[in-house]
> 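To start, I am sharing the structure in question, which I have written as structure tokens.
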Amino acid sequence: SGGPGAGKSVFAYYLVKEAQKKNAIVLYVDADRAFNSTYAGKVGVDLSKLLICTPQTGEIAMQVIYYYLAQHLIDMVIIDSIPALLPLDELLGETGIGIQSKLITTMMKDLAGQIENTRVALICINQVRHCFKHGGSTTPFNNIFGYYASLRIHFRRVKSIKRWRKLKGYLIEANIHKNRWGERKVINFELPVIAE
């Protein structure tokens with residue numbers, strides 16, 4: 001999770017690159033419709049071997065993921081991003097309380113059950129948004145992912161990195177605040193700017 005421009009999607013591209021080095025098949029669910037193929041290619045992603053899905057609804061995204069899991073065709077799923085998975089009812093104008101929460105809760109429960117005994121990695125990108133009602137910020141579906149996630153990382157852009165007045169990248173803080181396999185810690189790294 002993280003705010004806009006914190007490097008969440010770019011970090012995901014690097015994960016895809018590393019997975020492809022091990023011949024893993026990755027399904028990238030581009031719910032935000034913001035996948036940057038030029039940037040991903042320059043990072044080192046082999047686009048010819050990447051499965052990209054741009055679903056119209058959250059239900060379609062679920063069906064696609066379930067299909068590939070059932071057929072044992074993938075090793076990694078990246079959902080970018082969870083809040084962009086809108087239920088069909090909401091797109092048709094339904095305004096009931098909790099429609100999207102019900103969809104996400106059902107999806108995570110089903111996916112957790114399906115991948116529990118596999119070697120498939122599920123990576124869900126979440127957003128941090130300003131909370132107008134109470135002030136501060138909020139992470140959508142925080143409780144759901146607090147329960148299901150094995151590893152939770154919060155990204156924050158700390159500062160710009162400039163050399164000779166030219167932007168070279170950003171210093172990113174990655175706060176690992178849940179880790180079932182190791183320690184929780186904060187790591188800083190540079191995220192370079194790659195020219196389009």
Side-chain angles (χ1 to χ4, degrees), residues 1-55 61 75-86 121-142 145-146 149-196:
S1 63
K8 305 179 298 293
S9 296
V10 175
F11 187 76
Y13 299 163
Y14 280 100
L15 291 176
V16 173
K17 179 183 81 167
E18 294 303 318
Q20 288 180 335
K21 285 181 182 178
K22 300 177 184 292
N23 297 315
I25 304 299
V26 181
L27 171 63
Y28 198 104
V29 180
D30 181 24
D32 275 336
R33 291 171 176 73
F35 182 80
N36 189 327
S37 58
T38 303
Y39 197 105
K42 289 186 177 182
V43 161
V45 173
D46 185 342
L47 297 169
S48 68
K49 295 181 180 177
L50 179 63
L51 301 170
I52 302 177
C53 167
T54 308
D75 303 292
M76 179 185 286
V77 180
I78 297 175
I79 303 175
D80 188 4
S81 69
I82 291 295
L85 295 175
L86 298 178
L122 172 63
I123 297 157
C124 299
I125 297 176
N126 206 345
Q127 302 167 1
V128 173
R129 297 175 173 171
H130 181 72
C131 182
F132 293 101
K133 187 174 181 181
H134 303 290
S137 60
T138 183
T139 303
F141 317 109
N142 195 40
F145 289 98
S150 297
L151 179 69
R152 297 186 75 188
I153 307 173
H154 177 76
F155 293 92
R156 183 175 70 89
R157 185 189 291 185
V158 178
K159 66 177 182 178
S160 300
I161 300 170
K162 295 182 179 180
R163 292 187 183 92
W164 303 106
R165 298 184 181 177
K166 186 174 181 181
L167 181 64
K168 293 295 184 179
Y170 301 97
L171 181 65
I172 305 295
E173 176 187 274
N175 182 357
I176 303 170
H177 56 97
K178 180 179 180 182
N179 190 349
R180 289 185 181 170
W181 304 294
E183 63 181 306
R184 292 180 288 180
K185 56 186 175 180
V186 177
I187 300 168
N188 290 332
F189 63 93
E190 289 188 18
L191 191 65
V193 169
I194 298 177
E196 293 281 341

> What is the distance from atom CD1 of Ile161 to atom CG of Leu191, rounded to the nearest 0.5 Å?
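Ile161 atom CD1 to Leu191 atom CG measures 8.5 Å (nearest 0.5 Å).
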> Keeping Asp75 on the side-chain end and Ile25 on the backbone end, is there a donor-acceptor pair under 3.5 Å?
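A pair under 3.5 Å: yes.
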> Which heavy atom of Ile176 sits nearest to which heavy atom of Glu183, and what is that distance?
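Taking Ile176 first and Glu183 second, the nearest heavy atoms are CG2-O, 4.4 Å.
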> Are the side chain of Arg157 and the backbone N or O of Glu173 linked by a donor-acceptor pair below 3.5 Å?
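Here the side-chain-to-backbone pair does not exist.
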> Please round to the nearest 0.5 Å and tell me the distance separating atom CG of Leu85 and atom CD1 of Ile79.
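Those atoms lie 6.0 Å apart.
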> About how many Å separate CG of Asn175 and CZ of Arg156, when rounded to the nearest 0.5 Å?
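CG of Asn175 is found 9.0 Å from CZ of Arg156.
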> Measuring from Arg184:CZ to Arg152:CZ, what's the distance to the nearest 0.5 Å?
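Taking CZ in Arg184 and CZ in Arg152, the distance rounds to 11.5 Å.
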> Can you run down the ring pair (Phe, Tyr, Trp, His ring centres under 6.0 Å) pairs that involve residues 150-170, sequence neighbours left out, and say none if there aren't any?
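Those involving residues 150-170 are Phe11-Phe155.
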> Got more than 12 heavy atoms from elsewhere within 6.0 Å of NZ, Lys178?
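Result for NZ/Lys178: enclosed.
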> Taking all atoms of both residues into account, what is the closest heavy-atom pair of Gly3 and Lys8, and its distance?
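Taking Gly3 first and Lys8 second, the nearest heavy atoms are O-NZ, 2.9 Å.
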> Distance check, rounded to the nearest 0.5 Å: Ile78 atom CD1 versus Leu51 atom CG?
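Here the rounded value is 11.5 Å.
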> Restricting to non-hydrogen atoms, name the atom on Ser37 and the atom on Leu47 that form the minimum distance, rounded to 0.1 Å.
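Nearest heavy atoms, Ser37 then Leu47: O-CD1, 3.5 Å.
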> Quick one: closest heavy-atom pair of Tyr13 and Ala34, and the distance?
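So the two residues come closest at OH-O, 4.0 Å.
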> Could you report the tightest heavy-atom contact between Leu167 and Ser160, atom names first, then the distance?
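Leu167 and Ser160 have their closest heavy atoms at CD1-CB, 3.8 Å.
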> With sequence neighbours excluded, tell me which residues meet side-chain hydrogen bond (donor to acceptor under 3.5 Å, both in side chains) with Ser81.
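side-chain hydrogen bond (donor to acceptor under 3.5 Å, both in side chains) list for Ser81, sorted by chain: Asp32, Gln127.
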> Where the side chain of Asn36 meets the backbone of Ala40, is there a donor-acceptor pair that is under 3.5 Å apart?
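No, the answer is negative, given that no donor and acceptor are paired below the 3.5 Å cut-off.
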> Closest approach of Val158 and Ile172, non-hydrogen atoms and distance?
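It is CG2-C, 4.4 Å.
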> If we check side chain to side chain contact (heavy atoms under 4.5 Å, CB included) with Ser9, which of these qualifies: Tyr39, Phe35, Tyr28?
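Per the side chain to side chain contact (heavy atoms under 4.5 Å, CB included) rule, the option paired with Ser9 is Tyr28, out of Tyr39, Phe35, Tyr28.
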> State the CD1-OG1 distance between Ile52 and Thr54, to the nearest 0.5 angstrom.
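Rounded to the nearest 0.5 Å, the CD1-OG1 separation comes to 7.0 Å.
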